[in-house]
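Report on one structure; see the data block that follows.
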There are 2 protein chains.
Amino acid sequence: MKLYELVGRDRINGYSPFVWRSRLALEHKGLDYELVSLRFTEIKEKLSFANSKTVPVLEDKAKAVSDSWEIACYLEDTYPDRPPLFTDRSSAKLFDLQVAMPLLAPLFRTIVSDIYDILDEENQQYFRQTREPRIGCTIEEARDNFEQPFKIFKDNLWPYSQYFKSADFIGGATPVYQDYVLYGMFLWARMTSPKRLLDDGDPLLSWIERMDRLFGGLGGRMKYIG
Amino acid sequence: MKLYELVGRDRINGYSPFVWRSRLALEHKGLDYELVSLRFTEIKEKLSFANSKTVPVLEDKAKAVSDSWEIACYLEDTYPDRPPLFTDRSSAKLFDLQVAMPLLAPLFRTIVSDIYDILDEENQQYFRQTREPRIGCTIEEARDNFEQPFKIFKDNLWPYSQYFKSADFIGGATPVYQDYVLYGMFLWARMTSPKRLLDDGDPLLSWIERMDRLFGGLGGRMKYIG
């Protein structure tokens with residue numbers, strides 16, 4: 001199996017929160033995979049075979065699956081004898097949406113200039129052209145005004161901080177796909193931004209430590225790549 | 001079984017979003033229950049037997065259970081032969097928190113003056129004394145400035161509107177506890193406030209219609225009580 005991922009200037013460390021979901025799902029299922037690293041400017045050409053303009057793409061035998069949610073469903077349906085990713089697929093789908101706008105969107109605005117900094121020059125140009133219209137300001141303006149989206153992001157973390165006061169994983173005693181969705185977001189931020197997102201004592205920090213130790217400490221080895 | 005609920009001036013129609021969760025859970029399990037109606041000012045005395053200052057309280061044989069989450073867990077554990085409320089208890093617990101601060105809190109600020117209007121004079125006084133410190137302004141100021149919390153509430157509904165574009169219930173093909181948590185909030189608002197929360201065409205409206213038809217149309221019969 002091949003998992004196509006997104007890298008920055010270093011060409012080594014994939015940081016996309018959506019690719020992390022798929023990579024952690026593959027680990028959860030105990031499946032072997034090879035990573036194929038792409039920069040933004042290479043995606044269009046290299047993923048045309050899958051008819052996809054975004055990572056992740058999973059190539060399994062003759063099949064190409066794009067979109068992290070589709071990949072999770074594909075893995076669950078194709079490898080039902082492996083540990084289940086979902087206890088409840090509809091809750092997992094809703095969770096995906098509950099993370100998208102309330103958390104990923106303000107976090108993107110918070111760290112967009114940091115992501116810019118880990119890219120090579122050609123990809124910085126591409127990133128600026130495609131992302132500035134989305135955020136409605138320049139990278140430099142976003143750099144100076146990260147406090148407002150950061151506050152929204154932190155406010156929207158409240159349910160999770162509360163939840164982890166008394167639970168080990170969103171799946172209860174063991175992680176499920178929702179854990180990988182939320183953790184993938186924190187890995188993305190850790191790898192691309194020097195900003196510290198959580199305050200000491202936040203129960204989310206203990207959960208992140210537990211997630212860091214999964215799969216031989218895979219996530220725990222991921223550091224800031226800038 | 002007795003379920004203690006909260007009523008306004010009319011002494012008939014229980015409107016608490018937390019009581020609705022428990023009532024719908026009882027209906028889901030197909031269990032018989034009797035409703036006991038209380039006004040705010042009667043709660044302290046009438047629920048002292050359960051050592052509770054809030055509704056809902058469920059009395060089952062010699063046992064008294066307070067707090068809607070505890071009641072749901074009690075029903076699931078005590079009546080396992082009845083239809084399950086949870087497919088995944090930890091997701092349901094997290095969902096409770098995801099609704100609390102992002103939705104219930106701004107909706108309360110939006111309709112607090114409308115709730116005041118459906119109470120009798122003695123309870124209006126009690127409500128003002130206890131709720132004004134919580135919202136940090138007077139009932140009258142909240143009445144004039146409901147647009148800002150209303151916008152926050154509507155923005156935070158985004159994941160649900162998206163989700164119901166392609167799903168019947170949060171439980172998938174049939175409702176689960178999370179459906180009752182979200183629906184209880186909409187019943188609360190419908191019964192206490194003349195404000196219209198959703199725009200035409202919002203997929204949440206179709207889901208509410210499906211919820212309205214459950215249990216012989218129980219929720220569908222609930223109208224504005226002011």
Side-chain angles (χ1 to χ4, degrees), chain A residues 67 69-70 73 76 84-106 109 148-149 151-183 185 202-204 207 210, chain B residues 67 69-70 73 76 84-106 109 148-149 151-183 185 202-204 207 210:
Chain A
D67 182 273
W69 175 251
E70 294 304 324
C73 292
E76 190 78 339
L85 271 173
F86 304 129
T87 44
D88 175 347
R89 191 175 301 205
S90 50
S91 281
K93 175 65 197 168
L94 175 56
F95 189 84
D96 194 324
L97 296 160
Q98 287 171 318
V99 165
M101 196 67 93
L103 293 175
L104 281 179
R109 286 174 171 271
Q148 201 195 342
K151 188 187 177 311
I152 293 170
F153 172 74
K154 285 196 288 189
D155 286 349
N156 290 346
L157 281 178
W158 180 88
Y160 306 95
S161 297
Q162 290 295 313
Y163 175 77
F164 287 118
K165 281 184 182 172
S166 60
D168 282 345
F169 298 102
I170 300 177
T174 54
V176 290
Y177 188 65
Q178 290 94 309
D179 287 284
Y180 305 133
V181 169
L182 194 64
Y183 180 60
M185 178 187 79
D202 191 319
L204 273 162
W207 167 77
R210 284 190 291 280
Chain B
D67 182 273
W69 175 252
E70 295 303 325
C73 292
E76 191 78 338
L85 271 174
F86 304 128
T87 44
D88 175 347
R89 192 177 299 206
S90 49
S91 280
K93 175 64 197 170
L94 175 55
F95 189 85
D96 194 325
L97 296 160
Q98 287 171 317
V99 166
M101 195 68 92
L103 293 174
L104 281 179
R109 286 175 172 273
Q148 200 195 344
K151 188 185 178 315
I152 294 170
F153 172 75
K154 284 195 290 190
D155 286 349
N156 290 345
L157 281 178
W158 181 89
Y160 307 94
S161 297
Q162 290 297 310
Y163 175 79
F164 288 118
K165 281 184 181 173
S166 59
D168 282 346
F169 298 102
I170 300 176
T174 53
V176 288
Y177 188 66
Q178 290 95 309
D179 287 284
Y180 305 134
V181 168
L182 194 64
Y183 180 59
M185 179 187 79
D202 191 318
L204 272 162
W207 167 77
R210 285 190 291 280

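In what follows, chains carry the letters A, B, and so on, assigned in the order in which the sequence lines appear, proteins first and then strands, with residues in each chain numbered from 1.
Taking B:Lys151 as the reference, B:Asp155 meet the salt bridge (Lys or Arg N to Asp or Glu O under 4.0 Å) condition, with sequence neighbours excluded. Looking at residues two or more places apart in sequence or on another chain, you find no side-chain contact (heavy atoms from CB on, under 4.5 Å) involving B:Gln148.
Taking non-hydrogen atoms and a 4.5 Å limit, the residue list of residues 85-93 of chain A in contact with chain B, ordered by number, reads A:Thr87, A:Asp88, A:Ser90, A:Ser91, A:Lys93. Heavy-atom proximity under 4.5 angstrom to chain B picks out A:Ile170, A:Gly171, A:Gly172 from residues 170-177 of chain A.
Atoms CD and CZ, from B:Gln98 and A:Phe95 in turn, are 6.0 Å apart once rounded to the nearest 0.5 Å.
When heavy atoms are compared at a cutoff of 4.5 Å, B:Gln162 approaches chain A by way of both its backbone and its side chain.
You'll find the side chain of B:Tyr160 stays beyond 4.5 Å of the side chain of A:Leu97, heavy atoms only.
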